Every structure is written in C-alpha cells, then in structure tokens.
**Q** 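Take a look at this one; I'll ask things after.
Model, not experiment: these values are computed from the prediction. Reminder, nothing fancy here: chain letters follow the sequence lines and each chain counts from 1.
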There are 2 protein chains.
Amino acid sequence: MTTYRAPLDDIRFVLRDVVGADQLPNLPGLEEATPDVIDAVLAEAARMSETVLFPLNQSGDAEGCVYDNGVVRTPAGFPEAYAKYAAGGWTSVTAEPRYGGQGLPGLVNFVIDEIMISGNMAFTAVPGLSHGAYNAILQHADDDLKDLYLPKLSDGTWTGTMCLTEPQCGSDLGLIRAKAAPADDGTYRLSGTKIFITAGEHDMAENIVHLVLARLPDAPAGTRGISLFLVPKFLPAEENGAVRPGPRNGVLCAGIEHKMGLHASPTCTMAFNDATAWLVGAPHKGMRAMFTMMNVARLAVGMQGLGVAETAYQNALAYARERPQGRPLTGTGANGSAVPIIEHADVRRMLMTMKAQVEGGRALAYWTALHVDVAMRHPDPAQRQAADDLVALMTPVVKAHLTDLGQEVADLAIQVHGGYGYIRDTGIEQLVRDVRIARIYEGTNGIQALDLVGRKLPEGTGRLLRQVFHPIDAFLSQHAEDPAAASLVTPLAKAFGRLQRVTVGMAQAALADPTEGAAAAHDYLKLLGHVTIGYLWARMGLIAKAKAGGSDAEARFHDTKLKTAEFYLQRILPHASAHAAAIAGGATAVMAVEPEAF
Amino acid sequence: MTTYRAPLDDIRFVLRDVVGADQLPNLPGLEEATPDVIDAVLAEAARMSETVLFPLNQSGDAEGCVYDNGVVRTPAGFPEAYAKYAAGGWTSVTAEPRYGGQGLPGLVNFVIDEIMISGNMAFTAVPGLSHGAYNAILQHADDDLKDLYLPKLSDGTWTGTMCLTEPQCGSDLGLIRAKAAPADDGTYRLSGTKIFITAGEHDMAENIVHLVLARLPDAPAGTRGISLFLVPKFLPAEENGAVRPGPRNGVLCAGIEHKMGLHASPTCTMAFNDATAWLVGAPHKGMRAMFTMMNVARLAVGMQGLGVAETAYQNALAYARERPQGRPLTGTGANGSAVPIIEHADVRRMLMTMKAQVEGGRALAYWTALHVDVAMRHPDPAQRQAADDLVALMTPVVKAHLTDLGQEVADLAIQVHGGYGYIRDTGIEQLVRDVRIARIYEGTNGIQALDLVGRKLPEGTGRLLRQVFHPIDAFLSQHAEDPAAASLVTPLAKAFGRLQRVTVGMAQAALADPTEGAAAAHDYLKLLGHVTIGYLWARMGLIAKAKAGGSDAEARFHDTKLKTAEFYLQRILPHASAHAAAIAGGATAVMAVEPEAF
C-alpha cells in the first residue's frame, strides 16, 4: 500500500455545503466549534493519521500481536504511536471539559474517526473502545466512579473495553453466564470468561478499564437480569492526590485470537476470577447501559467501513493511473502502446463505483452524525426529538450499509490491482481482511437489519421514518419541475416511490406475521441505505451545479461531484429495485424449506 | 472447518435429470461412460476428496509453502496426497487412452474438479495446470513431443505449468518480453522472467513441464509475435527404453509469493536462463495455443468458485443447525430457550441464498461442460458447431459468474458463523481468501466480460447467443399457459424480456461506439448469468415437481428443489433488473470523469 492522504476537500464539502456543520456553533456548548477551528483540528488529524498511523498499518498486519503468559505485545511502533495519539489530545476530543476533554462536536469526532481509521483501522480499535467506555460511565455511573475514571480515559493514560461476548453467547446476550456477587464493602466479586474482547490486554497504556456484563445472584433469567460492572485491570490507588494503578485485580488475558485480519488489534479471551467490580447504573439494567456504548460504537463501526473504503479507493486510483496495460478500443488500436488501465471502461466503472460509494457513504455518515449533536444539545425539545429519531433510525443503516460498502470497495481495489492485489506485500488485500469484521461485531449486519425493521420502524407508528421520508419528499417536490435536475431527480423519485410502497406493504405484512419483517429486513436496510444515499447524492449534485465557477480546482471538484452524482443515480441506485422486488416476494420463499430438509 | 461430503445426490440430479448426461454413451468414443460407470467414478472421487484432500486443507493453509534457494517445499502431507491422487488415476481422467488416459467425458472431469476443489482448492492447482498443459501439447505440439510428454502428464509423474505473466504484463500479453532464439539442433534457448506461476516449482512430482510464451528474434510486435515453447525442468533422458528426468535445464524458481490465500499452492517467480526449449505449434502462433489451455482453464476456474461455495455452504448449514442463539419471533417468545440460528429468518435467507447459488451454479457449469463433449465428439457437424457456440459463449460466464458467486457464498458462510467466522481456526475465512484469486487469474472477471461482449456476442451477428436464447424462448412458450408453473415461469419471462431488450440496445450502441459495450460488459455478463441460471432453476423446479413421489428421501429432495427454485426466481433473479438498468444508463456516466479529475 503506497498512499493515504486525508480527503480534506471532500470532507469540507460534505461538512459545510451538504450537512450544514457551520451551524454547529449555534448549539449550546459548541460555541467554539467554528469552521476555522474544525478545519484546524482536521488538518492536525490528517497529519497524525498520514505520518504516524498509516506507516504502521502494513507492518502491524505482518507482525501481529504476541501473547505470552497473560501479557500481550502489540506490533513494533504501536505503543509509541499511541503515546503520540494521546498526547495530541485525540482521546479527549468529545470528552467533557470538566473531565479534561475538549468538548468538540460529536460530528467532528466521527470525521476524525474516519481519518484515523483510513490510516490504520487496527490501531483505532483501542481508542475507539475507550470512547464507548467513557460514554457508558458518564451516563450511568455514580459521581465517584466518574471522577476517578473519566479523566484517565479522557487523557488516554487508561483505556477501556466492552466485555459482552461469551463462548455460548454472541448476538444473544440473554445467555450470559458471568456472575457478580456483592462484597461487604459495596463492591462486587465478578467471575466468568469473556471472549473476543478488543484491547482486553495490551502494552499501550498503564491501566485498562473493563466494562463487563454479568448477572447478580438474584438476577432474573434472560436479558432482564444483566448488570453492568466496571472492573479495572489494576485497582486505582491514590498517592499525593494523584491516581495511579495500584494492586493487580483478578482479571487475566488467557489468550488472543488468530484472525482473518486486524492483526494489530489484540482480540482477547479475558478470565475474571473474583475480580473486584463496581456496579454501573442500577442492578439488572445493564442492557440499557450497554446500548449507550453500543449505539455510539455502531456509528463508529460504520466509520470503519467508510475509512477503509477511502484508503482502498485512493490506492486503486493511484495504481490505475500508473499501470500501463492494453490499448484503447477507439483510436490508435492494437498498434499503439499500452495505456494506463484507468483509460479502460471497465476499470473506470470500478473506480467510479468506489468513488460514488465512498463519497455517498461519507455524506450519509456525517448527516447522521450531525444529528447526534443536535439531539444532545438543541434548546428545542422537538428538534432534539426529531434529531434523536433520525439518529436512532439511521444508526443500523450507517453501521450495516457502510460496512457493506467498505467491503465492496476494498474488494474492488483488489480487482483493480489484478494479480498484484492478491499479494500481501501490495497491502491491498489487508484492507479486505481488516474491514470484514466490521460487518460482524457490535451486532452483525443482520442484527442491524432486524433492529431497523423490528424496532425502529414500528416505533410511534413510523415516526422515525418521517425524518428521512419528509426531507426526500420535500426535495423531490422542490425540483419536480426543473428539467435541468432531471438526471438526478427522476431516478431518485422512482426509487423513493418503490421504497414508500414496499414500506407500507412490509409493515402491514409484519403486523400479521413478524416473520415477514424479519425475512425482509436485510433487503429493507439495503433499500433504505441506497435511497437515502441517492437522496444525498441528488442534493450534492445540485449543490455542485449551483457552485459552478470559482478557481480551476474548485470548478473541477464541483464538475466531478456532479458527474459522480449522476453515476450513482444511474448505475448504483437501480440496485434498490432488486431489493424492493425481493421484499415484495415475501417470507414464504425464505422459510419454505424446513431446517432438516436443506 | 468441520465438514465436507460430496453432494452426490445433487450432482446425480443435475447430471441425469437436468443436463441429460445419460446420453453421453451415444457419443463416439464415450460408449463406456454409462451412468453406472460415472456413478462409480464419482463415488471414488468423493472418497479421495473427503478422506485425503479435505483433511489437509486447513493445515496446508496454516503451514503454507516454503522457499529455500530454488527449492519449494509444499505443506506436510501434500506430496503423499499427490502420490495417492496420481495412483488413483485422477490425473488421467480425460486423457487419451493412447497416452495412458481413461478417455472419460470432459463433463465427468469437471464434476471431479468440483469435488476435489471442495476438498482442497490449493491442492488442485497442481493437477489443474497439468491438465491445461496436456491439452496444449495434445493439440499443438508435434508427435515426438506428444509421445514423450503426454504419458508423463497423464500418469501424473510429471506436472505442467502455464508461464504467461511477466511483471509488466498481465492482462496484456502483447507486452511479453521473454525471448527464445533458435539453436543448431532444432531446439531453442529461452530467457526471461515469469511471475505468478502456479506450481512452477514444488516437491510433488519428479519433473515439471513449463509451457512458456516468448518471442522469437523475428517476432512482430504485440500479440502477433508470441510463440509457445515447452521447457522441462529436467531434460528427458532415456534409459532402457524408459523416460526419466535427465540433466537440469536452465530454469529456476527465484522465489514464491506470500498471498492472501491459497497458501498451499506455490506461486512462483520463474527465471529462464538460456533454457532448452521446444517450439509448440507454429512460430508466432502462441496466442492460439495459449487459448487452448486458457479456455479449459477458464471453465476449471469457474469450478473453483462452485467447489469452494459448496464447502462454505455445507459448513454454514452445519453451524446454523447447531448454534443456539436467540428465540423465535412467534410462539414461546422471550422466555423460551435459545433455538438453533437456522430458525431465524435472516439466517434462513442467507442459507437459502447460498443453496440457490450453489445448486444453480452447478446446473450452469454442468450444462456448459456437457456441450464440451458434444462439441468435440458429435457426429453431426451442425450439432458440434451449435455445442461449440454454447461453450464459447458461456465460458466467460461460467468463469466470472461462478467465481463471483463462490466469493459471495464463502462470504455469507463467515457471516452465518458470526465472530467465529473471523477466527482462523474455524477455517471458514480461509475459503474467502482462497477463492478470491479465482476472480483474477485466467483473465480477470472484467476481461471475461469484455470477451463476452466484445468477441462472443458480435460473432456471426449474435449466432452464439441463440444457443441460450432459443432454449429459454422455447421453454417459456411451452409453459406460458400453465398456471401451475407461473411461480417459476413468470419471473423468468420478465427477466428474459429485459435481457432481450438490453441486448439489442447494447449491441446497437456498441456498433456506433465500442466504449458502450465495454462500459456495459460487466453488468451484461451478470445479467446473462442470472437469467441463464434462472432458466435452469425454472427447469429444475418443473422437473422436481414432475418427479414428486418416490421414497421419503426422494420426495423431500424434489420438494426442497422446487422450493429452492422459487427462492431463486423470486429473491435472487430480481438482481437482473438492476444490471439491466445499469446497462441502459449507457457509457456516459461511466466515462464522464476524466482520469485526472478523479
């Protein structure tokens, strides 16, 4: 892999011209998040990613993590890179100022996520999990725990984990067996085995704060009997008013997994043995606290799809521009010399697909992320609710659809590279191996689809969906009569009409039989993802058209943006119809073959 | 990875009831290829694959090949497995009896390919390449070379390679630089570097026969100046009338690649240094001879997609039946115990997709392969031509569409396994890594699409296409009035109508501007693949329906087959419409962004 440059021009276009990030300073608490400040922060993030993280990406994959008797060594350079990352303030971007954070918008943090992930997805697993742990403690723990742990997570001297999965329970947390019993001093003693724990053990920070789901002795069965606990690797000790890691707690890394990819991120089996634990939130209410971590984490996983896709696209583009192979179909013919493969229509198709997916995915991600800030801070409760509805609706779409497109784009990057794409040294196949996990963890993409169709759509009889349908409807009405917009608006109107019809049909069918919704869920999520990105592309196309002119570079940027919009709407959006047709086919064909008859 | 059992019931159904393999003994030279003989051969192939090859698949991936100073060591057990493979006669299935072969139908060999690949794709790379070398020598070399080399390739004591690619030339063989100069004795001295040579060096056979593309001193530029040479690793020597490996020739393995997958198959850089070479065929006519190897190899690569897909499907099914997780949406609700995940609609969707793709792909592959035998042996020249037309048309579709679906099915197998699918020990992610190369080598899938649209469609003004369109048309007419067949026939008729319209439109556009064809090629190949498999599924559904009854097992098999047909036609075939729409969009959107404007 040869190249990664943060696409700051495109990021700026989406932030300012598409999602309206310039309005962020109007939100209480974000007064300082001016466009200039955001630009400066992102320029620094780009430097961090390009010069510190990206150079370690391939070596980290080749070297991997090493487990030795409870200790995990990350690849060469990773501890030093983490120290720079924490010193640069990248662990505290959205943390509260009272805990040492910078209080920047969540949107900015998601953009930073994208940039850092593009440089080195495996590296970002550690700070990513800390971020989730920070939020869970902030929202559910008591003040003593907050005062003790949040400054350490904010400045990055300690990192966090989410310990959910056990060998017998992945998607189904009701099967959790880990147990916690109250001790005399108000703490608990927690025992059990957790698997697939990202950054459960490593050598990048002085302490690790595990957030662990377990059952109290009086816990009801299933998910209603799960509580959340905080279990530090080292018990905090105070010395001269400063907190430092004290005695070792009863938690040990029992091994690490050998995985398809993400080799530089340690995936640990954690053995808890009468570990001292603190309850976070109310007894038996662990699932709610877990979802606090999970929802932020799901959007962040969507950014993993986007971030890896960007790197894959940039490298495929660079290779296609420099690899001479074959002659053009028109012109000089078989006697001319070979031309760069970007000249060939089928390679151009792949590059345009990658470009349209990446930039469209970026618009969807940032649009959703902006509403995280609005939902949290807008003074008008109705606005907060509306934004929260949009975030709740689109979180599974961002997670699943963007990780799917991350996989697709990384896969296309291999294809553009031909045989060289299959060779490890080239570094491209690593992207496919790394991003593959993003479609599985934090709830498989199938679970995301069920969340969308089974939980988010029925809520308030479709209230959440209005946050997407209304703006699309308004956009279509506004441009219905404009012939100059037809190349963008007509395909969108067609696909949106399909989406509306299918939504009604599916909702009615699912009311009568929930299996109808479950059998349609995957295709519905893809359909909604395609149409929403189609809407954002149509808007981007018209915005770009309206901005024609300016410097040569600006004019070219906007011209290319418009052409990419037309490509998405004409060549990718048609896939929406296939998903609509599959949904309309109903559950019968899906469920007809009994398990024993396969 | 826990399981592979050759799907002999499904294989037999496709062979007998769908493609009519029972008619093979009517072809001259295939009189002995009766159903009983074929059954016996396939049962033995199943045993070989299940008990010898499959047990080495995961260990071969973990261990990989080792290069040391020109020598390549394959993983533990591979040389012994190859000895059993050759002793079992699996290298000589289709070889001519006069060269020690068994003279069985090509169709049978493709089925054996599928079964062996399912067991261990990496292992099959060595005999697969030998098969291509055998055919090239058989059809293009003089009798001395045939008599010397074909018995050795047939009995497997020697293996073969295809040496095409060089660092600067992959898809574009016109850029070849390897050179061969005539020597005084009628042989040549060949020099140059070839890369990505499968089985270029290994420890599984006593000699290796390289078929090498190179230029003679007076060669015209480009592909019209390429000749084919035979270069043995050891020069053949005669001793007491027996041929054995003699002095070492000037060819050395300079290194092996570290690849995404297929670790047990050595991918070699071969350095030819004044190697003694024999010309195969006429000077400067190497491309034609190369295509002899290539066309067989392309179908065989399609079988790689199918074979890996079958193993992936079987393992996903086994896991889904035994992994308890979650509760049913209807019935006992949240208080019941967890059910096997196969009960969940979204998992069922994935399994049905895998099953429908695998069994549909199998029908397409065998249908095409049967016509290889008809094209070669039918006494009626018109029948031979018709069969040859079908094979020529469908070869790129089998290669590209079946490797695409191999990738899709292997990827779905990871998804069904959840987090465990990402762990190397589970063995599933290996299938994704292994099969990935099949979409690249023997002509990337993009090259296949260009071959289909640029070469095969225009030939005889669409003559080849009639071999697929006519049977579909006849089938639709035959069943148009049958309401009981509507669930199968109606979706097919719709998709076929789209295919017909798009074909006319694309052909006209491509006549005016070849870029229109090239920009549409990928989607056209996918469209033709979907519709052809849709046709075969509709036929299979009606055949299964007509065979209702019989033993319980037979009744269940046919009932499941019919339901799977309905699933394909209702839930997968709709993707044809997306490809049709993309083609109808034309080349403008694909080519609008200039290379420098990306």
**Q** Report, in residue-number order, which members of residues 442-453 of chain A are under 4.5 Å from chain B by heavy-atom distance.
**A**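 Heavy-atom contacts from residues 442-453 of chain A to chain B are A/T444, A/N445, A/G446.
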**Q** Please classify the contact of B/L569 with chain A as side chain, backbone, both or neither, using a heavy-atom distance under 4.5 Å.
**A**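 No part of B/L569 comes within 4.5 Å of chain A.
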**Q** Heavy-atom cut-off 4.5 Å, strictly under: side chain, backbone, both or neither for A/P324 against chain B?
**A**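 When you check distances to chain B, only backbone atoms of A/P324 fall under 4.5 Å.
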**Q** Can you tell which part of B/R348 gets under 4.5 Å to a heavy atom of chain A, answering side chain, backbone, both or neither?
**A**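 When you check distances to chain A, atoms from both the backbone and side chain of B/R348 fall under 4.5 Å.
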**Q** Between A/V432 and chain B, with a heavy-atom cut-off of 4.5 Å, which part of the residue counts as in contact: side chain, backbone, both or neither?
**A**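 Just the side chain, heavy atoms under 4.5 Å.
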**Q** Side chain, backbone, both or neither: which part of B/K355 has a heavy atom under 4.5 Å from chain A?
**A**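 Only the side chain of B/K355 comes within 4.5 Å of chain A.
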**Q** Quick check on the interface: out of B/I437, B/I440, B/I342, B/T515, who has the most heavy-atom pairs with chain A under 4.5 Å?
**A**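 If we count pairs closer than 4.5 Å to chain A, B/I437 comes out on top.
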**Q** Calculate, to the nearest 0.5 Å, the distance between atoms CG and CG belonging to A/D404 and B/D411 respectively.
**A**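 Answer for the CG-CG pair, A/D404 versus B/D411, is 8.5 Å.
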**Q** Who in residues 587-598 of chain B is close to chain A, using a strict under-4.5 Å heavy-atom cut-off?
**A**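 If one takes a 4.5 Å heavy-atom cut-off, the residues of residues 587-598 of chain B near chain A are B/A589, B/V590, B/M591, B/A592, B/V593, B/E594, B/P595, B/E596, B/A597, B/F598.
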**Q** Among B/M350, B/E257, B/H344, B/M352, which has the most heavy-atom pairs under 4.5 Å with chain A?
**A**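 Going by pairs under 4.5 Å, I would pick B/M352.
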**Q** For chain A, find which of B/Q570, B/E566, B/R349 contributes the most heavy-atom pairs closer than 4.5 angstrom.
**A**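 Among the listed options, the one with the most contacts to chain A is B/R349.
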**Q** Mind ranking B/R321, B/E343, B/H417, B/R436 by heavy-atom pairs under 4.5 Å with chain A and telling me who comes out on top?
**A**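 Among B/R321, B/E343, B/H417, B/R436, the one with the most close pairs to chain A is B/R436.
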**Q** Below 4.5 Å from any heavy atom of chain B, which atoms of A/L351 appear? Answer side chain, backbone, both or neither.
**A**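 Its backbone and side chain both get close to chain B.
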**Q** Quick one: of B/Y313, B/Y422, B/F567, who has the most non-hydrogen atom pairs under 4.5 Å with chain A?
**A**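 Among B/Y313, B/Y422, B/F567, the one with the most close pairs to chain A is B/Y422.
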**Q** Any residues in residues 556-563 of chain A near chain B, with a heavy-atom distance under 4.5 Å, and which are they?
**A**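 Listed by number, the contacting residues are A/R556, A/T560, A/K563.
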**Q** Quick one: what part of B/R323 sits under 4.5 Å from any heavy atom of chain A, side chain, backbone, both or neither?
**A**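 When you check distances to chain A, only side chain atoms of B/R323 fall under 4.5 Å.
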**Q** Tell me, side chain or backbone of B/A221 under 4.5 Å from chain A's heavy atoms, or both, or neither?
**A**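 B/A221 has no heavy atom closer than 4.5 Å to chain A.
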**Q** Check the pair B/I423 / A/H258 against side chain to side chain contact (heavy atoms under 4.5 Å, CB included), numbers first and verdict last.
**A** CA-CA 6 Å; B/I423 304 299; A/H258 296 98; 6.0 Å; no
**Q** Find the one option among B/A320, B/G421, B/A578, B/A356 whose heavy-atom pairs under 4.5 Å with chain A are most numerous.
**A**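 Of the candidates given, the most pairs with chain A belong to B/A578.
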**Q** If I take atom OH from residue B/Y420 and atom CD1 from residue A/I195, how far apart are they, to the nearest 0.5 angstrom?
**A**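 Reported value, rounded in 0.5 Å steps: 3.5 Å.
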**Q** If you look at every heavy atom in B/E429 and A/M260, which pair is closest and at what distance?
**A**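 For B/E429 and A/M260, the tightest heavy-atom pair comes out as OE1-CG, 3.1 Å.
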**Q** What residue pairs, at least two apart or across chains, pass salt bridge (charged side-chain N to carboxylate O under 4.0 Å, His left out) with a residue in residues 570-587 of chain B?
**A**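 Passing the test, one end in residues 570-587 of chain B: A/D523-B/R571.
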**Q** Counting only heavy atoms closer than 4.5 Å, note whether B/P7 contacts chain A via side chain, backbone, both or neither.
**A**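 Neither the backbone nor the side chain of B/P7 comes within 4.5 Å of chain A.
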**Q** Okay, side chain of A/Q325, backbone of B/Q168: is any donor-acceptor separation there less than 3.5 Å?
**A**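 Looks like yes, one N/O pair under 3.5 Å.
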